[in-house]
Amino acid sequence: MAANPQRDFPEAYELCKKFDISDANMEEIVQRLTKEIKMGLAKDTHPRAVVKCFITYVQDLPTGKERGKYLALDLGGTNFRVLLVTLRSETEIDIESKSYVISHTLMEGPGKNLFDFIAECLSSFCKDYHIEKENLPLGFTFSFPLKQVGINKGIMITWTKGFKCDGVVGKNVVELLQDAINRRGDLKVRIVAILNDTTGTLMSCAFGNRNCRIGLIVGTGSNACYVEKTSNTEMLEGYQTSNKPNMIVNCELGAFGDNGVLDFIRTPYDNAVDKQSINPKRQTLEKCISGMYLGELVRHVVVELMGKGLLFKGLDSQAIHEKWRFQTSYISDIESDPEGSYRQAAMIMDQMGIRTHVEKDLACLRYICQTVSTRSAKLTSCVLACLIQKMNTKDCSVGIDGGVYRYHPHYHNLLVENMNKLLKGSAKFELIVSEDGSGRGAALIAAVSV
Ligand code: BGC
């Protein structure tokens, strides 16, 4: 039977209230974010803005007529991918790709090793397809905060998502990659563009859907980009006289709140997760939204309730006390069970060394998962409503990618419900899963920029 949290586990219910965001608070968040975005866009406030709103130099959306053969690299999480994308027609796109695991040692080691590894994978991929001498155009999806100073030049600002490689911050990442390729001397490619995964996602979606104006990622990390009027992108030299009306802006929204403006909705659990992260006091919004952190938030709540004897009484395990052990995918699994069923919850707790079939406890666990994922979706809705209002569009599509959005059973519906609350019918929107933004999108950007 479906649980009644207030009656069945009142203490946990009270604790979970800390994660609730009221409608009024959601509206407040939209307003605060709008202000931060304006600060990021304007030249005089940009240097101290936390939401940087980097210009991407991508000013053309795809027309659907792009054709040709492109290489793409995708670095942004624990997997690194090399892709060969052939745009044959609007509907026919061939993608060959290979994934490589980025080890912990590489993620936290010297940047030179990371770029040598990337070049090595690229070289072996190209040799497999006999294209190492073709000098193909390459789009590099690099999904970290990057201050772009040209379509194929970007200065690394800071690492996120568990990466921390020395010798990269402050450098032009394209040059680091080119140097690593040159050191090998066995490969000819042209790095024509560097982009963020959100930009790739927007472009990939826009290829088939001309009304796409926002690219959103809710995966390991989270972020969004949108189409801004060039006349508002003051960080572009000649922004007032540019003959291209639009510019994709990579907001780097994960950092929203780093100056304290989200403290009014943060909980003690957010603080705990932040403290133990590799980048404390950074990426405040991302830590409330994205896949790298949601599972850990749930684990903290569970451990606190267990410590008070209010959950899984008499049971304990080493695993539940291990940091980062409770994965965000568990949240999606647990919430995928039909209402009132706790099969996945029991299985997952079993894997965590806590063997129980006490329904009330499993229902409580599910409630905690729902609380954390609902807050994530509410915050993401604030982001989308804010961008839609900022663009002043009456009708647009949003291209979305990332594991949280893709695999959580209710995330999409939660977004629609909360966006409707915020937009109050002022704009129509469509949320669309964007296929392979980091690969297909990178190829499209390479195509529009050569
Ligand atoms: C990065 C963004 C990226 C997002 C999603 C964040 O941690 O800073 O650049 O778009 O993750 O991958």
Side-chain angles (χ1 to χ4, degrees), residues 29-64 66 145-151 153-154 193-207 209-217 223-253 255-256 382-400 419 422-423 426-432 434 437 441 444-445 447-449:
I29 292 167
V30 173
Q31 276 182 26
R32 291 186 185 197
L33 180 56
T34 309
K35 190 171 154 210
E36 301 288 326
I37 288 176
K38 286 184 179 160
M39 284 182 75
L41 288 171
K43 204 166 186 170
D44 57 337
T45 44
H46 178 86
R48 59 189 156 90
V50 286
V51 177
K52 284 293 184 190
C53 291
F54 292 120
I55 52 174
T56 62
Y57 293 85
V58 180
Q59 296 191 268
D60 296 305
L61 293 179
T63 58
E66 292 72 20
L146 193 75
K147 183 183 175 69
Q148 282 194 238
V149 283
I151 185 70
K153 190 168 179 192
I194 184 157
L195 57 134
N196 187 259
D197 50 358
T198 54
T199 315
T201 297
L202 196 165
M203 292 292 277
S204 176
C205 183
F207 189 62
N209 184 311
R210 283 314 162 259
N211 205 21
C212 185
R213 290 291 175 275
I214 297 177
L216 171 76
I217 302 281
N223 186 16
C225 71
Y226 73 104
V227 180
E228 182 54 277
K229 289 196 190 86
T230 309
S231 55
N232 287 337
T233 57
E234 295 186 11
M235 295 309 288
L236 177 75
E237 202 153 320
Y239 67 98
Q240 286 150 317
T241 49
S242 167
N243 57 0
K244 301 215 170 175
N246 298 317
M247 168 74 83
I248 297 183
V249 168
N250 165 18
C251 299
E252 281 301 335
L253 281 169
F256 178 41
C382 293
V383 163
L384 293 178
C386 167
L387 295 179
I388 288 174
Q389 285 170 353
K390 175 79 184 66
M391 289 187 291
N392 205 9
T393 166
K394 296 283 161 267
D395 184 6
C396 79
S397 307
V398 182
I400 315 185
M419 284 172 72
L422 288 164
L423 292 169
S426 61
K428 285 204 289 184
F429 61 88
E430 196 183 0
L431 309 182
I432 302 173
S434 180
L444 285 167
I445 290 176
V448 296
S449 33

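Owing to the predicted nature of the structure, the values given are computational and were not obtained by experimental measurement.
- Side-chain contact between Lys52 and His46: present, with at least one pair of heavy atoms (C-beta onward) separated by less than 4.5 Å.
- Within the 4.5 Å cutoff, side-chain heavy atoms of Thr56 are placed close to those of Met247.
- A donor-acceptor pair is defined here as one N or O able to donate and one able to accept, closer than 3.5 Å; no such pair exists between the side chain of Ser242 and the backbone of Tyr239.
- Between the side chain of Thr34 and the backbone N or O of Val30, at least one donor-acceptor pair lies under 3.5 Å.
- Considering only heavy atoms from C-beta on, Glu252 comes within 4.5 Å of Asn223 through its side chain.
- Here the rule is side chain to side chain contact (heavy atoms under 4.5 Å, CB included) with Leu61, and of Ile248, Val448, Asn211 only Ile248 fits it.
- Between Glu430 and Asn209, some side-chain heavy-atom pair lies under the 4.5 Å cut-off.
- The shortest distance between side-chain heavy atoms of Tyr57 and Lys153 does not fall below 4.5 Å.
- Taking Lys244 as the reference, Asp60 meet the salt bridge (Lys or Arg N to Asp or Glu O under 4.0 Å) condition, with sequence neighbours excluded.
- Scanning for salt bridge (Lys or Arg N to Asp or Glu O under 4.0 Å) contacts around Glu228 gives Lys390, with sequence neighbours left out.
- No donor-acceptor pair closer than 3.5 Å links the side chain of Arg213 to the backbone N or O of Tyr226.
- Among Leu384, Thr393, Asp395, Leu423, the one residue that satisfies the side chain to side chain contact (heavy atoms under 4.5 Å, CB included) test with Phe429 is Leu423.
- Checked against salt bridge (Lys or Arg N to Asp or Glu O under 4.0 Å), Lys147 has no partners two or more places apart in sequence or in another chain.
- Inter-residue side-chain proximity for Val58 and Ile151 is flagged as met; some heavy-atom pair is nearer than 4.5 Å.
- The side-chain heavy atoms of Asn196 and Leu146, taken from C-beta on, include no pair separated by under 4.5 Å.
- The shortest side-chain heavy-atom distance between Leu431 and Leu216 does not fall under the 4.5 Å cut-off.
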